[in-house]
Amino acid sequence: MRVLVGGGTGFVGRALTQLLRSRGHEVTHVSRQGGKDRISWEELSHSGLPLCDAVVNLAGENVLNPFRRWNDAFCREVISSRVETTKTLAKAIADAERPPHAWVLVTGVGYYRPSPTAEYTEDSPGGDFDFFSRLVSSWEAAALVPGSPARGVVVRSGVVLGRDGGAVSQMLWPFHLGLGGPLGSGLQPFPWIHIRDLAGIVCHALESECLQGVLNGVSPSSATTSNSTFAQELAAALGRPALLPVPAWAVQAVFGAERAVMLLEGQKVVPKRTLESGYHFIFPELSGALKDIVA
């Protein structure tokens, strides 16, 4: 299968590319610069879709970059890096003489309203209550290609855990030094997925010819994981204590009130359709996932 991947050089993109190539698929990236096995976004806009069997979009500026202030400029970047790249790919698919068979978009569980009790499946409502939920709605709407023969799949991802990027890489040093702990109350749900499983779900969606619609990209046990449980498990995997909770005001000071919600609140998300589709998780439990990452 020839697969075109937007954002393929990022944290998740690298893992997906490695998996796809190991399964005999050809991968071409869409990135800022063209090159070997890569085309630029500009080239895609001007020349259209290269011949391919499937398209995936993983592009998106890191919302939780602590070095970027949450202001209008960064806000616009967060939106355009997701919505505009998705529109560009969707238009290329719509205009292609030989359209791809599959079109997979990875968005986020921020679509669902944070709640300490509600459990969300792929059929649950959402997408209309704050900046991030509306962003996911716009992002998913941008992927629609009416009348296209391409199967559309949306994977709503939780917090991605992996060795060389994502949430864990930012937390390792404080936890190594014994300075780690839960954020805020620690009671908020923590919807998570191991990077190998997120790549695995995308690959499963590409290879399953009848699969379409929304899949929740979270581990089966994530609905029972709180932020405090995550902190304790990460500390245990590193052989360190997790005694120092980070107060809510400190999280808000670093990230700003709007982004802090992503860390201080959470959703209990269940991968109901993902499991029903026949995907088998490599890391269904948090302890195994974290041991693999810090090994």
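Computed over heavy atoms, backbone and side chain alike; hydrogens, waters and symmetry mates excluded.
Side-chain atoms of Val55 and Val30, non-hydrogen and from C-beta on, never get closer than 4.5 Å to each other. By the 4.5 Å heavy-atom criterion applied to side chains, Val78 and Trp70 are counted as neighbours. Counting heavy atoms from C-beta outward, Tyr120 and Pro191 have side chains that stay 4.5 Å or more apart. Side chains of His204 and Thr274 form no contact here, defined as non-hydrogen atoms less than 4.5 Å apart. Between Tyr111 and Gln267 there is no side-chain heavy-atom pair separated by less than 4.5 Å. At a threshold of 4.5 Å between non-hydrogen side-chain atoms, the residues Thr28 and Cys52 do not count as touching. Leu179 places none of its side-chain heavy atoms less than 4.5 Å from the side chain of Trp173. Side-chain contact between Pro100 and Leu49 is present, with at least one heavy-atom pair separated by less than 4.5 Å.
Taking the salt bridge (Lys or Arg N to Asp or Glu O under 4.0 Å) definition, one finds that Arg38 meets it with nothing, sequence neighbours left out. Applying the ring-ring contact (aromatic ring centres under 6.0 Å, His included) test to Trp41 and every residue at least two apart in sequence or in another chain returns nothing.
Atoms OG1 and CD, on Thr85 and Glu61 in that order, are 11.5 Å from each other to the nearest 0.5 Å. Rounding to the nearest 0.5 angstrom, the gap separating the CG atom in Leu187 from the CD atom in Glu265 is 12.5 Å. Of the inter-residue distances, the one linking Ile93 atom CD1 with Leu4 atom CG reads 8.5 Å to the nearest 0.5 angstrom. Between the OG1 atom of Thr224 and the CZ atom of Phe190 there is a distance of 13.0 Å, given to the nearest 0.5 Å. Considering CG of Leu198 and OG of Ser219, their distance stands at 12.0 Å, rounded to 0.5 Å. Note: Arg196 CZ to Arg163 CZ = 9.5 Å, rounded to the nearest 0.5 Å.
When ring centroids are compared, Trp192 and Phe281 stay outside the 6.0 Å threshold.
By the 6.0 Å contact criterion, CD on Gln170 is enclosed, its count of non-hydrogen atoms from other residues, nucleotides or ligands being greater than 12. At most 12 non-hydrogen atoms from other residues, nucleotides or ligands lie less than 6.0 angstrom from CD of Glu42. Heavy atoms of other residues, nucleotides or ligands lying less than 6.0 angstrom from CZ of Arg21 number more than 12.
Proximity of a side-chain donor or acceptor of Arg68 to a complementary backbone N or O of Asn62 within less than 3.5 Å is not detected. A donor-acceptor contact shorter than 3.5 Å is absent between the side chain of Gln232 and the backbone of Ala242. A distance-only check finds no donor-acceptor pair linking the side chain of Gln18 to the backbone of Leu16 [under 3.5 Å]. Side chain of Arg240 to backbone of Gly178: no donor-acceptor contact under 3.5 angstrom is found. Proximity of a side-chain donor or acceptor of Arg151 to a complementary backbone N or O of Ala205 within less than 3.5 Å is detected. In this structure, Arg273 contributes its side chain and Val214 its backbone to a donor-acceptor pair below 3.5 Å. Distance alone, capped at 3.5 Å, is enough to place a donor-acceptor pair between the Ser115 side chain and the Thr117 backbone. Remark: side-chain polar atoms of Ser22 are paired, donor with acceptor, to backbone N or O of Leu19 under 3.5 angstrom. One N or O on the side chain of Asp197 and one on the backbone of Phe283 form a donor-acceptor pair closer than 3.5 Å. At distances below 3.5 Å, at least one donor-acceptor pair connects side-chain atoms of Ser221 with backbone N or O atoms of Pro284.
With salt bridges taken as basic N to acidic carboxylate O contacts below 4.0 Å, one links Lys87 and Glu84.
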In sequence, state the C-alpha distance, the side-chain angles, and the governing distance for Phe11 and Ser169, and then conclude on side-chain contact (heavy atoms from CB on, under 4.5 Å). CA-CA 11 Å; Phe11 172 50; Ser169 66; over 6 Å; no
Let me see the working for Leu264 and Gln252 under side-chain contact (heavy atoms from CB on, under 4.5 Å), right down to the final yes or no. CA-CA 9 Å; Leu264 298 172; Gln252 287 163 344; 4.1 Å; yes
May I have the step-by-step check of side-chain contact (heavy atoms from CB on, under 4.5 Å) for Trp103 and Thr86, ending in yes or no? CA-CA 10 Å; Trp103 166 214; Thr86 302; 4.0 Å; yes
Going through the checks in order, is the side-chain contact (heavy atoms from CB on, under 4.5 Å) test met by Ile79 and Leu135? CA-CA 7 Å; Ile79 296 167; Leu135 170 60; 4.1 Å; yes
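Hydrophobic clustering (ILVMFWY, side-chain heavy atoms < 4.5 Å, transitive): Phe230 and Ile193 are in distinct clusters. The hydrophobic cluster containing Ile282 also contains Leu275, counting ILVMFWY residues as joined when their side-chain heavy atoms lie under 4.5 angstrom apart, directly or transitively. Hydrophobic clustering of Ile, Leu, Val, Met, Phe, Trp and Tyr side chains at less than 4.5 Å, counting indirect connections, unites Leu64 with Phe132. Linking Ile, Leu, Val, Met, Phe, Trp and Tyr residues whenever their side-chain heavy atoms come within less than 4.5 Å leaves Trp139 and Leu44 in two separate clusters. Residues Leu89 and Leu206 are members of separate hydrophobic clusters, defined by side-chain heavy-atom contacts under 4.5 angstrom among Ile, Leu, Val, Met, Phe, Trp and Tyr.
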Solution key, residues 288-295 side-chain donor-acceptor pairs under 3.5 Å, sequence neighbours excluded:
{"unit_1": "Asp292", "atom_1": "OD2", "unit_2": "His194", "atom_2": "NE2", "d": "2.8"}

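Defined by atom type and a distance below 3.5 Å, a donor-acceptor pair is present between the side-chain atoms of Glu207 and His25. No side-chain donor from either of Ser137 and Asp128 sits under 3.5 Å from a side-chain acceptor of the other. A donor atom on one side chain and an acceptor atom on the other are found under 3.5 Å apart for Thr229 and Ser226.
The side chain to side chain donor-acceptor pair (under 3.5 Å) test with Tyr112 is passed by exactly one of Glu119, Lys268, Arg156: Arg156. Checked against Val154 for a side chain to side chain contact (heavy atoms under 4.5 Å, CB included), the options Leu215, Thr107, Asn216 give a single hit: Thr107.
When all heavy atoms of Ser277 and Leu211 are compared, the pair lying nearest together is CB-CD1, 3.7 Å. Considering all non-hydrogen atoms of both residues, Val63 and Arg259 come closest at O-NH1, 2.8 Å. Here the closest non-hydrogen pair linking Gly162 and Val168 is O-CB, 3.9 Å. Taking each heavy atom of Ala54 and Met1 in turn, the nearest pair found is CB-SD, 3.9 Å. The shortest non-hydrogen separation linking Phe74 to Arg69 is CB-O, 3.4 Å. When all heavy atoms of Gly181 and Ala231 are compared, the closest pair comes out as C-CB, 3.7 Å.
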